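Right, one structure below, let's go through it.
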Amino acid sequence: MLILGIESSCDETGVALYDTQHGLLAHALHSQVEMHAEYGGVVPELASRDHIKRVLPLLTHTLQQANKSLSDLHAIAYTQGPGLSGALLVGTSVANALAFSLNIPAIPVHHLEGHLLAPLLEADAPAFPFVALLVSGGHTQLMQVQGIGEYRLLGDTLDDAAGEAFDKTAKLLELGYPGGPALAKLAEQGRPDRFKLPRSMLHSGDLNFSFSGLKTAVLTLIQNQAAPLDTQTRADIAYEFQEAVTDVLAHKCLLALKQTGMSQLIVSGGVGANRRLREKLSARAQQAGAQVHYPRIEFCTDNGAMIAFAGAMRANHNMIKESAFSVKPRWDLADLNPA
Ligand code: KG4
Ligand code: ZN
């Protein structure tokens with residue numbers, strides 16, 4: 001079965017072709033990061049307009065890359081939510097119009113299910129069940145994953161998401177948007193032991209997170225330094241901030257494995273691209289006799305491949321629900337669980 005996947009929930013237009021026998025055939029992405037950078041964040045109306053411009057050329061390019069045509073498709077998967085409603089409507093409308101004209105099913109996909117299943121696109125894919133850390137700009141969640149569509153929330157952030165904390169702290173350090181990768185890069189020049197920031201909820205005993213206090217602590221720290229901050233000071237703050245976030249994330253992942261009795265962890269979402277997080281998780285999991293799986297770096301952030309794959313899994317498991325098309329800007333992943 002050949003599935004086309006379309007992602008347009010935020011600031012990336014992603015298109016991909018997944019074949020249930022031969023795997024991922026082709027994928028293409030357009031990132032709007034440069035367009036939004038001058039505004040310091042995503043401007044929803046501009047995002048929608050840009051998706052409209054990009055989606056069909058990307059689709060043509062992806063089909064050409066895989067040497068396929070529209071008539072080869074068996075289904076079209078698209079991100080139905082959560083995300084920006086105008087942006088979601090672009091992918092949703094294109095997917096449903098195409099599916100209607102080709103007389104094939106359109107498969108609505110939950111964006112986070114896409115992230116969650118992205119590590120299964122890799123050669124060393126884990127088998128179910130596993131614990132998943134979903135760590136992106138909008139989410140910081142630990143889930144117990146029993147199978148496709150069977151997700152139990154183990155822990156969540158009580159305030160800011162980890163990626164949001166990276167982005168806000170990067171702004172305080174005048175690193176622009178999106179801040180996560182820039183902050184991680186600056187942290188490489190940072191020195192340990194100069195500053196100390198809090199590891200919020202490290203010993204709370206549960207699997208929840210809180211990152212807003214950390215952001216406030218960075219603000220106070222900056223205000224206590226001589227202005228303007230020199231590059232080394234900014235790097236030292238970035239270093240300690242990254243240590244604080246990754247210490248808490250790694251600790252709670254290991255705790256989740258222990259509490260569920262599982263030995264496999266998958267990490268996905270934009271912050272999953274963070275090298276320091278990967279180093280810590282791999283080292284601690286090895287000590288605990290567990291395995292960690294990641295998507296390749298380019299599939300940590302938003303992409304069409306994860307949507308095509310999640311759609312293919314849903315089609316394989318006969319989990320496609322016929323419906324008039326709609327978008328779900330707010331959508332709880334646990335709503336996917338069988339009743
Ligand atoms: O999954 P994603 O592309 O979009 C959402 O669904 O949110 O994640 C984007 C988030 C942003 O907050 C970005 O700053 C963060 O992931 N991010 C990183 C890194 N790369 C992306 N944070 C830390 N280190 C990175 N290397
Ligand atoms: Zn995402």
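Order of listing sets the numbers, starting from 1, for every ligand and every atom in it. Predicted model only: the values in this text are computed from it and were never measured. Residue numbers start at 1 and run along the sequence shown.
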Charged N to carboxylate O under 4.0 angstrom, D230 versus R234?
no
Could you say whether the N/O atoms of E12 and ligand 1 ever approach to under 3.5 Å?
no
protein heavy-atom neighbour closest to atom 22 (N) of ligand 1 works out as G180 CA, 3.5 Å
Among R199, R191, R194, which residue meets the salt bridge (Lys or Arg N to Asp or Glu O under 4.0 Å) test with E240?
R199
To check your reading of the model: name the closest protein heavy atom to atom 21 (C) of ligand 1, its residue, and the distance in Å.
G270 O, 3.3 Å
Kindly confirm whether the Zn ion (ligand 2) is within less than 2.8 Å of some N/O/S atom in H139?
no
Is there a side-chain contact between L214 and P198 (heavy atoms, below 4.5 Å)?
yes
Under the salt bridge (Lys or Arg N to Asp or Glu O under 4.0 Å) rule, what do E164 and K168 come out as? Steps first, then yes or no, please.
CA-CA 6 Å; E164 193 180 354; K168 288 178 174 171; 3.1 Å; yes
Has ligand 1 got any nitrogen or oxygen that is less than 3.5 angstrom from a nitrogen or oxygen of G179?
no
Is the shortest distance from a heavy atom of G138 to ligand 1 less than 4.0 Å?
yes
Which residue and atom name correspond to the protein heavy atom nearest atom 4 (O) of ligand 1, and how close is it?
D302 OD1, 3.5 Å
Is there an N/O/S atom in H115 at a distance below 2.8 Å from the Zn ion (ligand 2)?
yes
Minimum-distance protein heavy atom relative to atom 24 (N) of ligand 1
N274 ND2, 3.0 Å
Mind checking whether F130 and F128 have parallel, tilted or perpendicular rings, split at 30° and 60°?
parallel
Which heavy atom of the protein is the closest neighbour of atom 7 (O) of ligand 1, given with residue, atom name and distance?
G137 N, 2.8 Å
Report the part of D167 in contact with ligand 1, treating N, CA, C, O as backbone and CB onward as side chain, heavy atoms under 4.0 Å; options are side chain, backbone, both, neither.
side chain
Can H111 be said to touch ligand 1, with heavy atoms closer than 4.0 Å?
yes
Number the atoms of ligand 1 from 1 as they appear, then name those within less than 4.0 Å of a heavy atom of H115, with their elements.
1 (O), 6 (O)
